[in-house]
Structures are given as C-alpha cells and as structure tokens.
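Notes follow once the structure below has been shown.
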Amino acid sequence: MTSLSQNTPSPIASLEASQTASMQETAARIRSLNRNMSASIIEIGRELLHMKAMMVHGTFTRWVENDCGLKRRSCQNYMLVAAFVADKSASVALLSPAVLYRLAAKSAPADVVFAVLRLVE
C-alpha cells in the first residue's frame with residue numbers, strides 16, 4: 001500500500017457492511033494480482049533474455065512479434081526489468097510494474113534507485 005492510500009480516508013467508509021466487505025476482498029485480490037503481474041513481467045523478461053542469447057542476430061524481434069505476440073517496446077521493457085532485478089532480492093518483485101519499469105530505466109537516477117531498493121529491503 002502506498003503512503004497516499006494510508007493517509008487518505010477510504011471511499012468505502014460510508015457504505016453498508018456487505019458492500020464494504022466485498023470491496024475489501026476485491027481490493028485484496030487486485031493487490032495480489034498486481035504482485036503476480038510484477039513476478040510475471042520478471043519471468044517473461046528472463047525467458048526473453050534467454051531466447052535472445054540463443055538466437056541468430058536479426059531473428060529475435062520477428063520471433064517476439066510473430067510467435068509471442070509482443071510489441072518490441074514491451075519486450076524491451078520486460079528484459080530491462082529482468083536484468084535490473086537479476087542481482088536483487090526477491091522482495092523487488094513486490095513492487096508494482098510501473099515502479100519496476102521506472103527503476104529499470106537507463107535514465108533512472110542511481111540515488112533514487114538506491115533509496116527505493118533500501119526501502120524495499
């Protein structure tokens with residue numbers, strides 16, 4: 001949960017108990033799926049890096065687009081994230097996909113990356 005969501009009153013506070021319970025359960029499932037999404041992005045990136053290393057130069061992008069159904073930019077993002085987390089603890093996978101993409105970007109300031117990783121640990 002972000003600090004914003006911890007400091008902001010929940011919009012479900014004024015609802016009936018049954019609605020509140022349902023919304024809380026749904027929110028928990030969404031958070032779980034989001035964590036799984038990050039883990040999936042990392043695993044897809046690892047698989048792509050592995051395949052890219054095995055393929056003849058010039059064939060990888062066509063394979064990704066035709067056989068995997070991925071856009072070239074998505075593929076690049078997945079591989080950047082996988083390379084970024086390779087030497088990090090497993091807790092990095094708990095970050096949201098958006099945070100992982102930003103931290104893995106070549107333009108990400110090293111001091112910011114270090115600070116976020118320190119907080120995750």
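These numbers were taken from a predicted model, which means no experiment stands behind them.
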>> Tell me if the NZ atom of K88 is crowded by more than 12 foreign heavy atoms within 6.0 Å.
In response: yes

> Is any side-chain heavy atom of V85 less than 4.5 Å from a side-chain heavy atom of L103?
Replying inline: no

> If you round to the nearest 0.5 Å, how far is SG of C75 from CG of L48?
Replying inline: 4.5 Å

>> When you group the ILVMFWY residues by side-chain heavy-atom contacts below 4.5 Å and let the links chain together, are M37 and L94 in the same group?
In response: no

>> R73: which residues meet the side-chain contact (heavy atoms from CB on, under 4.5 Å) condition with it, sequence neighbours left out?
In response: Q76, N77

> If you look at every heavy atom in L95 and S38, which pair is closest and at what distance?
Replying inline: O-OG, 2.5 Å

>> Applying side chain to side chain donor-acceptor pair (under 3.5 Å), can you list everything that pairs with S89, at least two apart in sequence or on another chain?
In response: S91, E121

>> Less than 4.5 Å apart, side chain to side chain, heavy atoms only: is that true for Y101 and L80?
In response: no

N/O donor to acceptor pairs below 3.5 angstrom from side-chain atoms of residues 40-47, sequence neighbours left out:
from	atom 1	to	atom 2	distance (Å)
S40	OG	N36	O	3.0

>> side chain to side chain contact (heavy atoms under 4.5 Å, CB included) for L117 and F84? Distances and angles first, verdict last.
In response: CA-CA 11 Å; L117 292 177; F84 172 75; 4.1 Å; yes

> Of all residues at least two apart in sequence or in a different chain, which pass the side-chain contact (heavy atoms from CB on, under 4.5 Å) check with V112?
Replying inline: P109, V116

>> According to side-chain contact (heavy atoms from CB on, under 4.5 Å), who are the partners of R102, at least two apart in sequence or on a separate chain?
In response: A98

For residues 56-65, which side-chain N or O atoms pair as donor and acceptor with protein atoms under 3.5 Å away, sequence neighbours left out?
from	atom 1	to	atom 2	distance (Å)
T59	OG1	V56	O	2.6
R62	NH1	G58	O	3.2

> Taking only residues two or more places apart in sequence or in another chain, which ones pass side chain to side chain donor-acceptor pair (under 3.5 Å) with R29?
Replying inline: T26

